[in-house]
Amino acid sequence: MELHLALDHAGDLTGQIVHQIRNAIQAGRLEAGARMPPTRLLGTQLGVARKTVTTAYERLVAEGWLHARVGDGTYVAEGLARKPVRIAAAPVLPPAVQRWMAVEAPFLGPAGGARYAFQPGQADTARFPHEAWSRCVRTVLAAERQRTPGPADPCGEMPLRQAIATHIAFTRGVQGAPTDILVTAGAQQGIDLVARLLLGPGAVVAMENPGYPMARALFQGLGARVVPVPVDGEGLVVETLPGEATLVFVTPSHQSPLGMPMSLARRQALLDWAARRHAVILEDDYDSEFRYGGQALDALQTLDRHGRVVYLGTFSKTLLANLRCGYLVVPPWLMPAARKVKHLMDWYTPTLIQHALARFMSEGHLLRHIRRSHARHAQRRSRLLARLHGDLSPWLEALPAMAGFHLAARLRVPVAADALVAMARLAELELATLDPFYATPPPTCAGLLLGFGAIDLLDIDPALDRLAMVLSALAPEPAHVV
Ligand SMILES: Cc1ncc(COP(=O)(O)O)c(C=O)c1O
């Protein structure tokens with residue numbers, strides 16, 4: 001490592017070297033006992049005569065900043081007091097920084113470490129097919145050596161775009177050519193990309209209330225005005241949409257967090273509304289690969305006849321959130337601009353992951369893994385529902401949901417969310433509440449979001465026994481349910 005000194009090559013060079021080394025010692029950049037570069041080397045680096053450096057070192061030795069060991073080298077002296085660091089007064093925060101500071105950016109998963117956790121949105125990492133994945137990564141890594149280096153397409157690598165188009169046509173009936181697919185670093189980057197594309201500062205974005213807080217926080221941070229739109233048993237109440245919205249963020253397959261699907265009538269009404277207003281709908285289809293009966297309704301993207309829908313998917317739920325891989329299906333009129341935004345955001349998603357995932361999918365591992373996970377999810381969900389409809393029903397009302405791997409349960413009794421979470425933690429149970437999903441925090445806890453993607457079937461009963469214990473301590477006289 002070179003010692004960084006900047007000389008202006010005018011005036012007293014020895015004086016400049018002395019001054020800068022002294023400052024470096026005072027600021028702690030050169031630590032006590034550190035060996036100084038040899039004079040010949042430093043002279044060459046700085047483009048000055050060796051003698052200039054030798055003289056500077058001699059002066060610093062004489063002043064006590066350095067000491068020379070004969071036949072060894074020159075070292076920074078020990079025990080020199082550092083100049084106290086002056087802390088500049090905190091600057092006035094620029095408006096954009098103030099906005100980001102004001103945004104509530106919740107980490108939805110529980111803190112971790114508890115014996116039991118109903119972690120929402122968390123897939124079962126223990127059962128991820130690590131062997132098959134490692135093989136795909138190794139094969140791609142070997143092939144990568146042969147590839148000519150050069151920039152990749154911001155929209156993604158074609159084998160993965162093809163595999164995604166095939167996968168979503170098969171599992172969701174989503175219509176999209178491989179060229180309509182844009183690979184992102186997870187769904188969250190897809191939301192970011194669409195927001196940058198469509199929302200200037202002050203633009204209006206409408207979203208479900210309750211709705212996904214990571215999207216709300218991002219829109220707010222970018223300076224958009226987020227208008228909360230109520231949901232009912234049929235999903236987003238379309239007639240209450242603000243006329244000036246340029247973007248509507250929705251989760252029609254499995255409303256986040258409550259769980260109900262958006263009815264077909266509402267889907268049609270939303271599409272008509274967007275076509276009339278020239279607005280864009282961002283359809284977040286984050287976990288609908290897992291279904292438990294009933295007929296899946298067509299995606300908004302499938303029903304769209306006017307090119308108003310951008311469809312968003314992710315591998316975080318079907319595979320692993322740590323892959324940070326998701327995708328958008330973009331209408332052709334919007335793709336050139338979307339491609340440009342992705343290019344300017346991060347050039348492209350890492351190609352190694354893209355090729356490994358394409359291989360993993362084309363070898364059938366993804367569908368196989370979804371099938372296996374589905375069977376496990378179904379068992380856990382049944383057990384959870386049996387308890388929610390049974391001994392837990394005086395406190396909790398399970399909301400109907402036929403997809404994904406979480407269930408929302410409304411609290412029937414007024415309980416403070418902090419007390420509930422804290423008491424559960426004492427009982428070694430980590431809980432997530434519905435409260436962060438609301439635009440305005442509810443006065444008492446709205447309910448629980450019970451993720452069953454990562455909890456073992458055998459852990460569900462003991463975990464719910466603890467929940468029952470906590471609820472009966474906080475609300476000893478629960479509702480009478482008939
Ligand atoms: C509704 C919803 N959308 C999107 C995401 C984000 O997924 P990703 O990990 O791909 O960013 C989540 C994650 O929990 C989610 O719940």
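No experiment lies behind these values; they were computed from the predicted model shown. Just so it is clear, the values below take in all heavy atoms, side chains as well, and ignore hydrogens, waters and symmetry mates. Order of appearance sets the numbers: ligands from 1, and atoms from 1 within every ligand.
- Residue pairs satisfying the ring pair (Phe, Tyr, Trp, His ring centres under 6.0 Å) criterion with at least one member in residues 305-324, sequence neighbours excluded, are listed as follows: Phe315-Tyr327.
- Ring geometry for Phe249 versus Phe219: interplanar angle over 60°, hence perpendicular rather than tilted (30 to 60°).
- Of the candidates Tyr212, Phe315, Tyr327, Tyr212 brings a heavy atom nearest to atom 5 (C) of ligand 1.
- Of all atoms in ligand 1, listed by their number and element, those nearer than 4.0 Å to a heavy atom of Ser256 are 1 (C).
- Applying the salt bridge (charged side-chain N to carboxylate O under 4.0 Å, His left out) test to residues at least two apart or on different chains, none of the pairs has a partner in residues 204-213.
- For atom 2 (C) of ligand 1, the candidate residues are Asn322, Asp284, Leu449, Asp285; the nearest heavy-atom contact is made by Asp284.
- Residue contacts with ligand 1: Lys317 is included, with a non-hydrogen atom under 4.0 Å away.
- Rounding to the nearest 0.5 angstrom, the gap separating the CD1 atom in Ile370 from the CG atom in Leu366 is 4.0 Å.
- Distances below 4.0 Å separate heavy atoms of Ala187 from the following atoms of ligand 1: 4 (C), 6 (C), 7 (O), 8 (P), 10 (O), 11 (O).
- Residue Arg324 has at least one heavy-atom neighbour below 4.0 Å for each of these atoms of ligand 1: 8 (P), 9 (O), 11 (O).
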Exercise for the section: Evaluate the salt bridge (charged side-chain N to carboxylate O under 4.0 Å, His left out) criterion for residues Arg161 and Glu157: first the C-alpha distance (whole Å), next the side-chain angles of each, then the deciding distance (0.1 Å), finally the verdict. Expected result: CA-CA 6 Å; Arg161 295 166 80 190; Glu157 298 296 281; over 6 Å; no
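- In summary, the atoms of ligand 1 found under 4.0 Å from a heavy atom of Gln188, numbered by their order in the structure, are 11 (O).
- Using bins of under 30°, 30° to 60° and over 60° for the plane-to-plane angle, the ring pair His374/Tyr292 lands in the parallel bin.
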